[in-house]
Asks: 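Provided herewith is a single structure, encoded as structure tokens, for subsequent inquiry.
Only a predicted model underlies this, so the values are computations on that prediction, with no experimental measurement involved.
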Amino acid sequence: MRPARVLHAAAPIVGLLFGALALAAADPTPTPTPVPPRASENPEDSRARMPLRPTPFDVESKFPPPQQSEEEEERKANKPGEPDILHGEPAVFLDGQPFPEKQLFEPKLPPAKRLLYVDAAATGAGDGTAEHPWRDLQHALCSAQPGDRVVVANGIYTGAFRATASAGCRDGTADAPIQLFARHAFFRPSGKEPVLTIERAHWQLWETQFALTDTDAPGLVLRGAGAHDIEIDQSHIYEGDGPALVLGNGSSRITVSHCHIHHSSGVRIEAGASEITLINNHLHHNHSASLSVGSGPAGPPARAIRILGNRINNDRGPALELARCEDVSVLRNRLSNYRPDEDSGKGGEAIVVGGCRGVLFEGNSVLEATIGLRLAGGPVPGESSGRIDVRRNYLENHLTAESTGFDVATPAEVRIWNNVIDHYAVPFRLAADATGASIANNLIVAPQTAFRLSGTPKYRLFDYNVFGGEAAVLPAQVGSENVKAAAWMKVRMPHSRVVSGLGLQDGDLARVVGFSTVDAGTPTEGSDFHGRAPDIGVAEH
């Protein structure tokens with residue numbers, strides 16, 4: 001929240017406070033004990049943990065207006081219930097510990113061999129020293145040699161800057177990367193070109209800020225075979241109509257950590273990019289998918305993508321959109337608040353996957369999404385198929401009446417096991433061509449309909465699942481026929497059951513009431529289980 005908005009809100013808050021005190025003095029009725037608000041889900045400022053973080057060049061400055069007006073921000077944000085959903089999400093635990101588990105990540109930040117300074121307010125030619133900084137940021141970038149750190153003073157730097165061979169900029173080395181530190185500076189576009197393009201190797205960006213000011217210009221673009229071994233940490237890219245960050249064809253070994261990206265077209269990992277890691281970032285309120293993988297011009301699939309420990313919420317598109325990719329891991333992320341568009345009624349998916357192979361979703365929490373995971377399309381044409389594994393995730397939805405946990409419409413091999421699906425109207429919707437689906441060992445709490453199948457099932461496996469509800473009442477749909485789920489499962493899913501009173505105690509995925517989950521599942525080929533036998537749900541006993 002920006003300081004201006006806090007000032008506008010202060011007067012009515014003070015008025016309400018004094019009004020409440022006056023009423024309390026006049027009314028002897030005891031005031032109920034207030035319930036403390038939930039802690040913010042915003043990620044901690046990990047800069048305090050960085051012993052090697054350099055001292056800023058000067059005091060902090062604030063980016064001046066115009067940023068997005070309150071009216072524009074309201075128009076572009078998902079509106080219904082947002083204040084309650086964003087900071088009022090239920091706490092989720094596993095064996096008393098937060099789920100997903102949080103893991104710290106420390107980027108490797110070697111000390112600089114030489115400091116070079118640039119200041120937009122400098123006068124004279126300058127020599128890059130603190131006493132006589134350069135004024136031209138582009139000159140500073142291309143003056144840096146391996147091991148140098150470019151320290152940018154506070155101020156606004158407008159342009160289309162290039163760390164490229166054609167611009168005369170150098171590569172760093174593995175032991176001596178070139179570093180850009182701009183904690184109190186703001187980079188802004190001058191036209192439709194990217195604000196900063198990097199096509200060189202072994203660069204590190206610390207605390208850079210890209211204010212895109214509602215333009216179509218991309219913020220930061222890494223592209224080409226020369227763009228490898230690049231780290232971006234604690235950076236902020238926001239308020240633009242174009243993509244905030246593009247990891248283009250040929251770029252490789254890129255790590256994006258602790259970054260804050262919002263009110264833009266999100267992060268795009270294009271086809272042909274490889275060995276990309278996004279860890280502990282916060283992406284939200286983007287105008288399309290927060291993170292898309294496999295987009296862009298034709299090329300080989302995006303490969304070796306790691307999406308770890310991020311918080312993604314409140315986007316116009318899905319949180320994750322995987323289109324042309326292979327070897328993708330999505331682990332320990334928290335995704336929340338995805339609903340259909342108010343005008344078109346379309347969308348509402350947290351995750352969309354199509355044309356990818358070798359994808360793993362594990363240990364994620366998907367909260368308040370109308371469709372938790374949609375699997376569509378088939379394997380990449382002309383290439384061998386690869387399995388999509390979805391295991392030990394938690395999906396919960398209380399926000400929309402019409403909701404689907406897993407929507408499977410692909411013949412690709414899909415394995416959905418040991419998940420917990422909580423309060424989804426329809427936990428499983430399977431198309432007629434979902435012939436590669438294996439669905440087992442899942443715990444389904446409070447469904448309205450156990451499942452919807454397009455026709456007579458021809459799946460690899462659909463059994464060993466436990467549904468909450470009344471056995472005599474809980475319905476299912478097979479083709480156009482409405483059936484009683486328990487009776488239908490007795491014949492075709494003999495190891496599944498409907499259990500009355502099924503639930504989670506204290507929001508803990510290991511404290512299941514109404515049914516003993518311990519060793520109640522079935523071994524699933526390819527699953528990594530460390531106990532005696534598979535349990536039902538997320539917890540391993």
Side-chain angles (χ1 to χ4, degrees), residues 90 92 94 348 365-373 390-408 416-431 434 437-457 459 461-522 534-539 541:
V92 181
L94 177 61
S365 177
V366 180
L367 304 176
E368 309 301 352
T370 300
I371 300 175
L373 173 59
V390 186
R391 63 194 187 203
R392 292 193 170 83
N393 302 281
Y394 177 63
L395 285 71
E396 178 186 12
N397 178 64
H398 292 268
L399 186 62
T400 50
E402 293 292 329
S403 58
T404 302
F406 293 97
D407 187 356
V408 184
I416 300 171
W417 65 75
N418 288 97
N419 301 281
V420 175
I421 304 101
D422 190 354
H423 280 82
Y424 268 90
V426 181
F428 305 107
R429 184 193 301 268
L430 305 181
S438 297
I439 301 173
N441 304 342
N442 298 288
L443 184 73
I444 300 96
V445 179
Q448 294 179 19
T449 299
F451 44 82
R452 288 182 179 168
L453 313 179
S454 294
T456 304
Y459 316 121
L461 174 66
F462 191 13
D463 204 352
Y464 297 91
N465 301 292
V466 176
F467 298 81
E470 297 295 332
V473 176
L474 182 65
Q477 185 176 352
V478 180
S480 59
E481 181 183 4
N482 293 319
V483 301
K484 298 297 184 183
W488 194 90
M489 289 190 296
K490 186 175 182 179
V491 177
R492 296 171 177 83
M493 300 166 61
H495 303 287
S496 296
R497 67 193 76 181
V498 179
V499 175
S500 176
L502 188 66
L504 301 173
Q505 184 176 342
D506 301 326
D508 196 313
L509 303 179
R511 303 180 68 181
V512 179
V513 296
F515 171 77
S516 176
T517 64
V518 179
D519 300 337
T522 183
D535 295 331
I536 295 291
V538 168
H541 296 93

Asks: May I ask you to test the Val408-Tyr459 pair for a side-chain heavy-atom distance under 4.5 Å?
Replies: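 No, side chains not in contact.
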Asks: Taking C-beta and beyond as the side chain, do Thr522 and His495 meet within less than 4.5 Å on heavy atoms?
Replies: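 Sidechains of His495 and Thr522: no contact.
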Asks: When rounded to the nearest 0.5 angstrom, what is the spacing between OG in Ser365 and CG in Leu94?
Replies: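 Output value for this atom pair is 11.5 Å.
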Asks: Once side chain to side chain donor-acceptor pair (under 3.5 Å) is applied, do any residues pair with Asn442, and if so which ones, sequence neighbours excluded?
Replies: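 Per chain and number, Asn442 pairs via side chain to side chain donor-acceptor pair (under 3.5 Å) with Asn419, Asn465.
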Asks: How would you list, by chain and number, every residue that makes a side-chain contact (heavy atoms from CB on, under 4.5 Å) with Pro534, sequence neighbours excluded?
Replies: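 Scan of Pro534 (side-chain contact (heavy atoms from CB on, under 4.5 Å), adjacent residues dropped) gives Asn441, Pro523, Phe529.
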Asks: Apply side chain to side chain donor-acceptor pair (under 3.5 Å) to Ser500 and list each qualifying residue two or more places apart in sequence or on a separate chain.
Replies: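 Result, side chain to side chain donor-acceptor pair (under 3.5 Å) vs Ser500: Glu470.
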Asks: Looking at Asn418 and Gly537, would you say the former's side chain and the latter's main chain have a donor-acceptor pair under 3.5 Å?
Replies: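 Yes, Asn418 side chain to Gly537 backbone: donor-acceptor pair under 3.5 Å.
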Asks: If the test is side-chain contact (heavy atoms from CB on, under 4.5 Å), which one of Val445, Ile444, Leu502 qualifies with Val466?
Replies: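 Output: one option passes, namely Leu502.
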Asks: Indicate yes or no: at least one non-hydrogen side-chain atom of Val512 is less than 4.5 angstrom from one of Val420.
Replies: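 A side-chain contact under 4.5 Å is absent here.
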Asks: Any donor and acceptor pair, going by atom type alone, linking the side chain of Arg392 with main-chain N or O of Val538 inside 3.5 Å?
Replies: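 Indeed, once roles are kept as given, a pair shorter than 3.5 Å links the two residues.
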Asks: For the CD1 atom of Ile421 and the CZ atom of Phe406, what is their distance to the nearest 0.5 Å?
Replies: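 That separation rounds to 5.0 Å.
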Asks: If only atom types and distance count, is the side chain of Ser403 paired as donor or acceptor with the main-chain N or O of Ala425 below 3.5 Å?
Replies: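 Looks like yes, one N/O pair under 3.5 Å.
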Asks: Rounded to the nearest 0.5 Å, what separation is found between the NE2 atom of His541 and the CD1 atom of Ile536?
Replies: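 These two atoms lie 11.5 Å from each other.
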Asks: OG1 of Thr404 to CG of Leu395: how many Å apart, nearest 0.5 Å?
Replies: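 With rounding to 0.5 Å, OG1 (Thr404) is 11.0 Å from CG (Leu395).
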Asks: Return the CD to CZ distance between Gln477 and Phe451, rounded to the nearest 0.5 Å.
Replies: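 These two atoms lie 10.5 Å from each other.
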Asks: Got a sec, which residues hit salt bridge (charged side-chain N to carboxylate O under 4.0 Å, His left out) with Asp407, two or more places apart in sequence or on another chain?
Replies: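 Residues passing salt bridge (charged side-chain N to carboxylate O under 4.0 Å, His left out) with Asp407: Arg374.
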Asks: Would you check if His423 and Asn397 make a side-chain contact, meaning some heavy-atom pair closer than 4.5 Å?
Replies: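 No, side chains not in contact.
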Asks: State, yes or no, whether a side-chain contact exists between Leu399 and Thr370 at a heavy-atom distance under 4.5 Å.
Replies: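 The answer is no, as the side chains (C-beta and beyond) never meet within the 4.5 Å cut-off.
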Asks: Going by side chain to side chain donor-acceptor pair (under 3.5 Å), name the residues that satisfy it together with Tyr424, two or more places apart in sequence or in a different chain.
Replies: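 Not a single residue meets the side chain to side chain donor-acceptor pair (under 3.5 Å) criterion with Tyr424.
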Asks: With distance as the sole test, does Ser496 use its side chain to make a donor-acceptor pair with the main-chain N or O of Tyr464 at under 3.5 Å?
Replies: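 Indeed, once roles are kept as given, a pair shorter than 3.5 Å links the two residues.
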Asks: Minimum heavy-atom separation for Gly468 and Pro447, please, with both atom names.
Replies: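 Closest approach of Gly468 to Pro447: O-CD, 3.1 Å.
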Asks: So, for Ala450 and Pro427, which heavy atoms are closest and what is the spacing to 0.1 Å?
Replies: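 So the two residues come closest at O-CG, 3.0 Å.
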Asks: Roughly how far, to the nearest 0.5 Å, is the CD1 atom of Ile416 from the CD1 atom of Ile439?
Replies: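 Here the rounded value is 4.5 Å.
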Asks: Fit a plane to each ring of Phe428 and Phe462, take the angle between them on a 0 to 90° scale, and name the class: parallel (under 30°), tilted (30 to 60°) or perpendicular (over 60°).
Replies: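 Perpendicular, since the angle between the ring planes exceeds 60°.
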Asks: If the condition is side chain to side chain donor-acceptor pair (under 3.5 Å), which residues does Arg497 pass it with, not counting sequence neighbours?
Replies: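 Once residues adjacent in sequence are excluded, Arg497 has no partner under the side chain to side chain donor-acceptor pair (under 3.5 Å) criterion.
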